[in-house]
Amino acid sequence: MADVEEVEVVVAHNERATLRVGDVFLKVDADQSRLDTEVEAMALAPIPTPEILWRNPPALALAAVPGTALGQLGEPSIASAAAWVAAGAAVRRLHDAPLPPWPGQSLGEITAELDFECEWLVTNRVLPTDLVTRNREVAEAALRPWTPVFIHGDLQVSHVFVDGDEITGVIDWSEAAQGDALYDLAILTLGHPEHLDDVVTGYGVDVDLEVIRAWWSLRSLQAARWLIEHGFDPSSPGCEFAVLRSQM
């Protein structure tokens, strides 16, 4: 560490920041419950996770995961089809694990949040009304009862690391909870529909593809306001607004 000359800001906004110093990631979060969840979820997860180096609230230090991210939203993935299959298999192992002791969002909470975000997008003229309305209709298929499993909760493609065709680690567990298995599969393949078949193959059981596509719409509608307010751009090529347009 004494030879490290640079501190890389991985992500930073008014809720949390992640810095990289050499092979150490330092996470600072205003909400300690998120770090509590992350630490406990990584201890429970039956798949590779980052090594916890130390914790001193409000900071958590994690060792870097070997390998490279499976992909990035808005960019083509250069990972092999076999790596995507391995990602699906890892998600299945997580979903087969015992439930974490804390609940996730209820169906009613998700529905209420979705409707609020749709109204905000239309009222503030962020997106055309017909685009929001169509995707709200698509999202309805995800709003059904499910048997809860241990979900990662934010399984973005950039949170899954691979070395060749093997999964080396899954990062950012602060949203882990009990939830819908198809939500994780949807977030993993958001913006990468060409790899959905590979992920499902690795997952190893039949899934309802219509529900996964519904979660693509729901996630994109729900996330847009937060992304905009925290300095991210959901209108970038291949990102959330492109996902919404693809559902028309």
Side-chain angles (χ1 to χ4, degrees), residues 11 13-18 25-63 65 87-117 139 142-161 167 169-190 203 205 207 211-212 214-216 218-223 225-227 230:
V11 62
H13 47 76
N14 60 7
E15 292 181 7
R16 69 192 82 164
T18 300
F25 283 88
L26 184 64
K27 306 186 76 168
V28 182
D29 200 315
D31 183 351
Q32 286 304 290
S33 67
R34 284 193 289 255
L35 292 186
D36 292 341
T37 296
E38 182 151 14
V39 169
E40 188 167 357
M42 288 192 294
L44 296 172
I47 58 178
T49 62
E51 176 190 357
I52 298 174
L53 300 176
W54 52 261
R55 172 141 186 224
N56 186 10
L60 173 67
L62 302 170
V65 173
V91 177
R92 177 66 186 279
R93 291 197 299 275
L94 176 65
H95 292 172
D96 284 344
L99 290 171
W102 60 92
Q105 279 190 306
S106 69
L107 181 56
E109 289 170 332
I110 293 171
T111 303
E113 181 180 338
L114 173 62
D115 289 338
F116 174 85
E117 299 297 348
L143 301 175
R144 85 284 177 231
W146 58 75
T147 300
V149 300
F150 186 172
I151 65 168
H152 178 278
D154 191 22
L155 199 62
Q156 300 177 46
V157 65
S158 59
H159 291 168
V160 179
F161 280 70
I167 303 300
V170 177
I171 66 172
D172 287 355
W173 290 81
S174 62
E175 303 299 324
Q178 300 178 26
D180 181 12
L182 299 191
Y183 179 75
D184 269 352
L185 296 179
I187 303 310
L188 179 60
T189 55
L190 183 76
Y203 196 68
V205 297
V207 299
V211 173
I212 290 178
W215 276 121
W216 288 345
L218 199 156
R219 166 75 171 208
S220 298
L221 290 169
Q222 276 190 331
R225 178 177 61 86
W226 187 95
L227 292 168
H230 289 80

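Just so it is clear, the values below take in all heavy atoms, side chains as well, and ignore hydrogens, waters and symmetry mates.
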| query | Do the charged groups of Glu38 and Lys27 touch, with an N to O distance under 4.0 Å? | reply | yes
| query | How far does CG of Leu218 sit from OG1 of Thr111, to the nearest 0.5 angstrom? | reply | 8.0 Å
| task | Side-chain contact test, heavy atoms from C-beta onward, threshold under 4.5 Å: evaluate it for Leu190 versus Trp215 and give yes or no. | result | no
| message | Would you compute the distance between atom CD of Gln178 and atom OG1 of Thr147 and round it to the nearest 0.5 angstrom? | response | 11.5 Å
| request: Give a yes or no on whether the backbone of Arg219 and the side-chain of Gln222 come within a donor-acceptor separation of less than 3.5 Å. | output: no
| task | Please determine which of Trp146, Tyr203, Tyr183, Phe150 meets the ring pair (Phe, Tyr, Trp, His ring centres under 6.0 Å) test together with His95. | result | Tyr203
| note | Heavy-atom closest pair (Ser174 atom, Arg34 atom, distance to 0.1 Å) is CB-O, 3.5 Å
| note | Here the pair of heavy atoms bringing Ala87 nearest to Leu188 is CB-CD2, 4.1 Å
| note | Ala142 and Ala214 have their tightest heavy-atom pair at N-CB, 3.5 Å
| field | Beyond-backbone contact of Ile47 with Ile167, side-chain heavy atoms, under 4.5 angstrom | value | no
| message | What's the separation between atom CG in Leu62 and atom CH2 in Trp54, rounded to the nearest 0.5 Å? | response | 9.5 Å
| query | Taking C-beta and beyond as the side chain, do Leu60 and Leu26 meet within less than 4.5 Å on heavy atoms? | reply | no
| task | Start with the C-alpha distance between Arg55 and Asp36, add both sets of side-chain angles, then the distance that settles side-chain contact (heavy atoms from CB on, under 4.5 Å), and finish with yes or no. | result | CA-CA 10 Å; Arg55 172 141 186 224; Asp36 292 341; 2.9 Å; yes
| field | Any side-chain heavy-atom pair of Val91 and His152 under 4.5 Å | value | no
| Which atoms form the tightest heavy-atom contact between Leu155 and Val170, and what is the distance? | CD1-CG1, 3.8 Å
| request: Look up atom CD1 in Ile151 and atom CG in Leu94, then write down how far apart they are to the nearest 0.5 Å. | output: 9.0 Å
| message | Do Thr49 and Ile171 have side chains that approach each other closer than 4.5 Å (heavy atoms only, starting at C-beta)? | response | no
| said: Evaluate His159 against Asp172 for side chain to side chain donor-acceptor pair (under 3.5 Å), listing each step before the verdict. | reply: CA-CA 7 Å; His159 291 168; Asp172 287 355; 3.0 Å; yes
| Exercise: identify the closest heavy-atom pair between Pro103 and Ala177 | O-CB, 3.8 Å
| said: Is the shortest side-chain heavy-atom distance between Arg144 and Val211 below 4.5 Å? | reply: yes
| Which distance, rounded to the nearest 0.5 Å, do you find between the CZ of Phe116 and the CG of Leu114? | 12.0 Å
| query | Any idea which heavy atoms bring Ala41 and Trp102 closest together, and the distance? | reply | N-CH2, 3.9 Å
| message | Within the structure provided, determine whether Gln32 and Pro58 are in side-chain contact (heavy-atom separation under 4.5 Å). | response | yes
| task | Could you tell me whether Asp184 and Arg92 have a side-chain N and a carboxylate O separated by less than 4.0 Å? | result | no
| field | Inter-residue atom distance Gln105.CD - Ile110.CD1, 0.5 Å rounding | value | 5.0 Å
| query | Would you say Trp216's side chain and Ala186's backbone share a donor-acceptor pair under 3.5 angstrom? | reply | yes
| request: Report yes if the side chains of Asp29 and Glu15 come closer than 4.5 Å at any heavy-atom pair, otherwise no. | output: no
